[in-house]
Amino acid sequence: MNGQVRAGLPARPGTHPPRHSPALPPAAATLSSMPDSTIRVRIAPSPTGPLHIGTARTALFNFLYARHVGGTFLFRLEDTDVARSTAEFERDIIDGLHWLGITWDEGPDTAGDMDHGPFAPYRQMARLAIYKEASDRLVAADLAYPCFCTPEELDADRKAQEAARQPPKYVGRCANLAPDERTARLAGTGRPPATRFRVRPGVVGWNDMIRDRIEIDTTNLGGDFVIVRGDGTPLYHFTVVVDDAAMEISHVIRGEDHVGNTPKHILLFEALGHAVPVFGHLPLILNPDGTKMSKRKSQTAIDDYRAEGFIREGLVNYLAYLGWSPGTEEDVLPLDEIIAKFDIDKVHKGGAKFDRGRLEWLNGQWIRRLEPNDLIDRLRPYLQAAVDDGRISRLPADDEVGPLLPVVQERLPTLAAVVDLVGFLWIDDLVVDPALVVPKRWDPATTHEALVAARDILAAHDTVTWEADELEPPLRELAETRGWKAGDLFMAIRVAVTGRTATPPLFDTLVALGRELTLARLESAAAVVGAPTVR
RNA sequence: GCCCUCAUCGUCUAGAGGCCUAGGACGCCACCCUUUCAAGGUGGAGAUCAGGGGUUCGAAUCCCCUUGGGGGCACCA
């Protein structure tokens with residue numbers, strides 16, 4: 001990617017009003033170059049759904065770009081789709097981005113807030129007057145015009161085009177109406193007109209930050225497009241441009257699915273008399289089948305990943321490496337180093353399939369790097385959730401979890417996995433499958449004998465010295481004197497006290513269980529195998 | 001139908017004409033460690049760089065074509 005050829009910008013330095021100094025970048029600001037305050041990027045999600053993984057990735061790349069060059073990153077809510085926008089989604093998006101560690105210099109920091117920054121408000125429904133002024137200006141200059149077409153007419157047009165195997169396109173019915181014709185159309189439809197932007201003939205091109213030169217003939221844009229609905233609310237293509245212009249956005253970094261929108265936006269910037277920002281189109285995140293990642297085929301809500309126990313460090317690291325790599329062989333990289341190394345010129349052009357297995361591995365890497373107390377804090381909500389839905393009987397205290405960490409931390413692919421791993425510790429009435437207690441090479445009678453013997457040995461053990469390395473020798477000795485394989489004995493004990501065949505190391509487990517519970521479970525398991533149900 | 005766009009192991013990627021008989025990671029397989037499961041270590045299989053033409057002394061890297069994939073074409077964003 002040649003960064004030297006850039007469209008329009010950095011926009012008219014002299015014409016911008018004095019800028020407020022942006023909030024200081026995070027401590028991580030290991031800038032590899034001088035801060036560039038002329039660079040302003042944004043993420044502008046629509047609160048019509050929970051934070052989508054694609055939105056998070058786009059936000060992350062904008063954030064990385066801004067922080068790397070010392071520019072400004074802002075957050076704007078595009079809530080003009082009133083029917084689908086909700087305060088709940090707004091909260092989910094903002095909280096989700098914050099959770100990932102993505103911060104912005106301008107825009108609402110919490111749902112409902114809108115006054116943080118020099119260009120407030122940052123919520124489009126609060127900026128209606130601005131769009132109104134802009135559309136009036138375009139209509140006055142005849143760069144846009146009122147369109148009286150009804151949904152039925154437009155639908156019929158579209159159907160006819162489809163039948164004729166033609167690309168969908170506005171037919172221009174209202175493009176050149178005389179004043180009296182407009183009056184007549186208005187009377188005929190009886191509804192307020194929408195406003196359409198005139199698409200001028202010619203070719204529109206730009207030097208994309210990541211895919212070089214792109215040129216599109218405007219005849220392929222689908223004709224004049226609506227910028228304001230009949231009810232007066234503005235549409236996306238219009239609001240993005242008006243706001244990106246007003247908020248002095250210098251670089252628009254967004255998903256590849258916007259490539260076809262870019263010529264429309266460039267036309268609008270020109271009509272509005274504003275310098276055109278630089279555009280950069282990121283490759284898409286793909287479903288396993290190679291199509292654009294969708295809710296239908298993949299898990300797309302960031303909050304669902306959080307609920308499963310993915311941690312921000314893992315998710316951010318993974319997302320950053322989807323379509324970008326530092327060019328070194330480091331796979332596990334903290335956010336501050338990603339910022340320092342981020343280079344938009346190294347962003348790929350091709351889409352990347354979402355690989356959950358790789359995400360889990362990376363998440364495990366990050367969990368292993370967590371400080372013990374931090375890990376306990378992060379584990380607590382997942383333990384509480386297990387209490388809430390009855391998977392475990394009680395919430396263990398921090399000082400119960402702490403000692404477990406050495407054997408648990410390296411076994412967790414996700415935080416939620418802690419319940420599967422050691423949940424048996426906090427289950428009051430553990431159910432043990434009799435068939436599972438009997439080791440492969442053993443029969444129920446041997447197992448019963450072994451469990452009873454093990455119980456007696458452990459019962460004879462002094463309570464004060466209930467330590468892993470003191471519990472092991474006598475049991476090994478038991479196996480040896482009876483001619484049993486230690487592994488078989490251990491497995492029988494393991495299943496008896498945990499109900500599972502895969503657990504942390506046995507003696508650490510017995511210590512965690514405590515003397516009483518260990519003995520009680522050995523007894524009840526012995527009873528279970530000792531009295532097999534007759535088939 | 002039209003427009004745009006992309007193309008290195010199954011997956012994420014390194015690669016900016018000779019350092020490439022293509023490197024790393026995930027996953028997979030084997031071994032080591034080992035009381036199970038993980039983690040960790042070692043090794044292995046796995047890509048004729050989509051195919052075909054050029055350019056060049058030399059191409060995964062540059063150009064063209066083909067094929068395949070993807071995105072888009074609303075009074076959604």
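Values reported hereafter were calculated over all heavy atoms of this structure, with side chains retained and with hydrogens, waters and symmetry mates removed.
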> How is A:Thr291 classified with respect to the nucleic acid when contacts are heavy atoms under 4.0 Å: base, sugar-phosphate, or nothing?
Replying inline: sugar-phosphate

> Do A:Arg123 and A:Glu78 sit within salt-bridge range, that is, some charged N less than 4.0 Å from a carboxylate O?
Replying inline: no

> Of the nucleotides B:G71, B:C75, B:U36, which one has an atom closest to the side chain of A:Leu154?
Replying inline: B:C75

> So which nucleotide from B:U35, B:A77, B:C75 ends up closest to the side chain of A:Thr80?
Replying inline: B:A77

> Taking for each residue the nucleotide of RNA chain B with the nearest heavy atom, is it A:Arg165 or A:Arg191 whose nucleotide lies nearer the 5' end?
Replying inline: A:Arg165

> Taking the side chain of A:Pro167 as its heavy atoms from C-beta onward, which of B:A77, B:G1, B:C6 lies nearest to it?
Replying inline: B:G1

> Taking the side chain of A:Glu410 as its heavy atoms from C-beta onward, which of B:A38, B:A25, B:G71 lies nearest to it?
Replying inline: B:A38

> With both distances under 3.5 angstrom, what nucleotide forms a Watson-Crick or G-U wobble pair with B:A25?
Replying inline: B:U11

> Quick one: which of B:C75, B:U35, B:C37 gets closest to the side chain of A:Val226?
Replying inline: B:C75

>> Can you tell me whether the side chain of A:Arg358 and the base of B:A25 have a donor-acceptor pair closer than 3.5 Å?
In response: yes

> Just to confirm, is there a sub-4.0 Å distance from OP1 or OP2 of B:U35 to any side-chain nitrogen or oxygen of A:Arg476?
Replying inline: yes

> Strictly by modelled atom types, are A:Thr58 and A:Arg254 linked by a side-chain donor-acceptor pair under 3.5 Å?
Replying inline: no

> Taking atom OG of A:Ser135 and atom CZ of A:Phe197, what is their separation to the nearest 0.5 Å?
Replying inline: 12.0 Å

>> How many whole angstroms separate atom CZ of A:Phe279 from atom P of B:G72?
In response: 18 Å

> Would one find a side-chain N or O of A:Arg356 under 4.0 angstrom from OP1 or OP2 of B:U11?
Replying inline: no

> Does a nitrogen or oxygen in the side chain of A:Lys353 sit under 4.0 Å from OP1 or OP2 of B:U11?
Replying inline: yes

>> In whole Å, I'd like the distance from the CZ atom of A:Arg123 to the C1' atom of B:A77.
In response: 16 Å

>> Need one value for A:Gly230: base, sugar-phosphate or nothing, where a base atom within 4.0 Å counts as base even if backbone is also close, heavy atoms only.
In response: base

> Just how far, in rounded Å, is C1' of B:U35 from CG of A:Leu478?
Replying inline: 14 Å

> Which part of the nucleic acid, if any, lies within reach of A:Gly255 when heavy atoms closer than 4.0 Å are counted: base, sugar-phosphate only, or nothing?
Replying inline: nothing

>> Counting neighbours of CD on A:Glu153 that are heavy atoms of other residues, nucleotides or ligands and sit closer than 6.0 Å, is the number greater than 12?
In response: yes

> Looking only at side-chain N and O atoms, does A:His348 come under 4.0 Å of OP1 or OP2 in B:A14?
Replying inline: yes

>> Can you check the distance between B:U66 and B:G72, where both ends of the measurement are the C1' atom (answer in whole Å)?
In response: 24 Å

>> Could you walk me through whether A:Arg57 and A:Glu256 satisfy the salt bridge (Lys or Arg N to Asp or Glu O under 4.0 Å) test, starting with their C-alpha distance in whole Å, then the side-chain angles of each, then the deciding distance to 0.1 Å, before giving a yes or no?
In response: CA-CA 12 Å; A:Arg57 208 272 299 242; A:Glu256 186 191 343; over 6 Å; no

> Rounded to the nearest Å, what distance is computed from the CD1 atom of residue A:Ile216 to the P atom of nucleotide B:C4?
Replying inline: 7 Å

> Within the structure shown, what part of the strands sits under 4.0 Å from A:Pro413 by heavy-atom distance: base, sugar-phosphate, or nothing?
Replying inline: nothing

> Within the pair A:Arg411 and B:G40, is there a side-chain N or O less than 4.0 Å away from OP1 or OP2?
Replying inline: no

>> Checking base pairs now: Watson-Crick or wobble, both atom distances under 3.5 Å. What partners B:C2?
In response: B:G72

>> Can you tell me the base-pairing partner of B:U48? Count Watson-Crick or G-U wobble geometry only, both distances below 3.5 Å, and say none if there is no partner.
In response: none

> Closest to the A:Ile214 side chain: B:C26, B:U5, B:C6?
Replying inline: B:U5

>> Counting only side-chain nitrogens and oxygens, does A:Lys292 get under 4.0 Å of the OP1 or OP2 atom of B:G72?
In response: yes

> Does a distance-only test, which skips hydrogens and angles, find a donor-acceptor pair under 3.5 Å between the side chain of A:Arg494 and the base of B:U35?
Replying inline: yes

> Is the NZ or CZ atom of A:Lys264 both under 6.0 Å from the centre of the six-membered ring of A:Phe225 and within 45° of that ring's axis?
Replying inline: yes

>> I need the CH2-C1' distance between A:Trp366 and B:C26, as an integer number of Å.
In response: 17 Å

> Quick one: is A:Ser325 getting a side-chain N or O under 4.0 Å of the B:A14 phosphate, OP1 or OP2?
Replying inline: yes

>> Nearest whole Å is fine: how far is B:G27 C1' from A:Gln365 CD?
In response: 14 Å

>> Using whole Å, what does the distance between atom P of nucleotide B:C12 and atom CD of A:Glu329 come to?
In response: 18 Å

> Looking across every strand, which nucleic acid part, if any, lies under 4.0 Å from A:Ala352 by heavy atom: base, sugar-phosphate, or nothing?
Replying inline: sugar-phosphate

> According to the Watson-Crick and G-U wobble definitions, with both distances under 3.5 Å, which nucleotide is paired to B:C33?
Replying inline: none

> With a 3.5 Å cut-off and no angle check, do the side chains of A:Thr414 and A:Glu308 form a donor-acceptor pair?
Replying inline: no

>> If you only use heavy atoms from C-beta on, which nucleotide in B:U5, B:G1, B:G10 is closest to the side chain of A:Glu256?
In response: B:U5

> A:Pro283 near the nucleic acid: base, sugar-phosphate alone, or nothing, with a heavy-atom cut-off under 4.0 Å?
Replying inline: nothing

>> Heavy atoms from C-beta onward define the side chain here; which of B:U35, B:G27, B:A77 lies closest to that of A:Phe490?
In response: B:U35

> Considering only side-chain heavy atoms of A:Arg158, which listed nucleotide, B:G72, B:U36, B:C75, is closest?
Replying inline: B:C75

> 5'-most contact on RNA chain B: A:Gln124 or A:Gly260, nearest heavy atom basis?
Replying inline: A:Gly260

> Which part of the nucleic acid, if any, lies within reach of A:Glu162 when heavy atoms closer than 4.0 Å are counted: base, sugar-phosphate only, or nothing?
Replying inline: nothing

>> Classify A:Leu506 by what it touches in the nucleic acid, base, sugar-phosphate, or nothing, heavy-atom distance under 4.0 Å.
In response: base

> In whole angstrom, what separates A:Leu362's CG from B:A39's P?
Replying inline: 14 Å

> Side chain of A:Asp81: nearest nucleotide among B:A25, B:A77, B:G71?
Replying inline: B:A77

>> Check this for me, if you would: do A:Glu90 and A:Arg84 make a salt bridge, where the nitrogen-to-carboxylate-oxygen distance has to be below 4.0 angstrom?
In response: no

> For A:Arg42 and A:Val252, which heavy atoms make the closest approach, and how far apart are they?
Replying inline: NH2-CG1, 3.6 Å

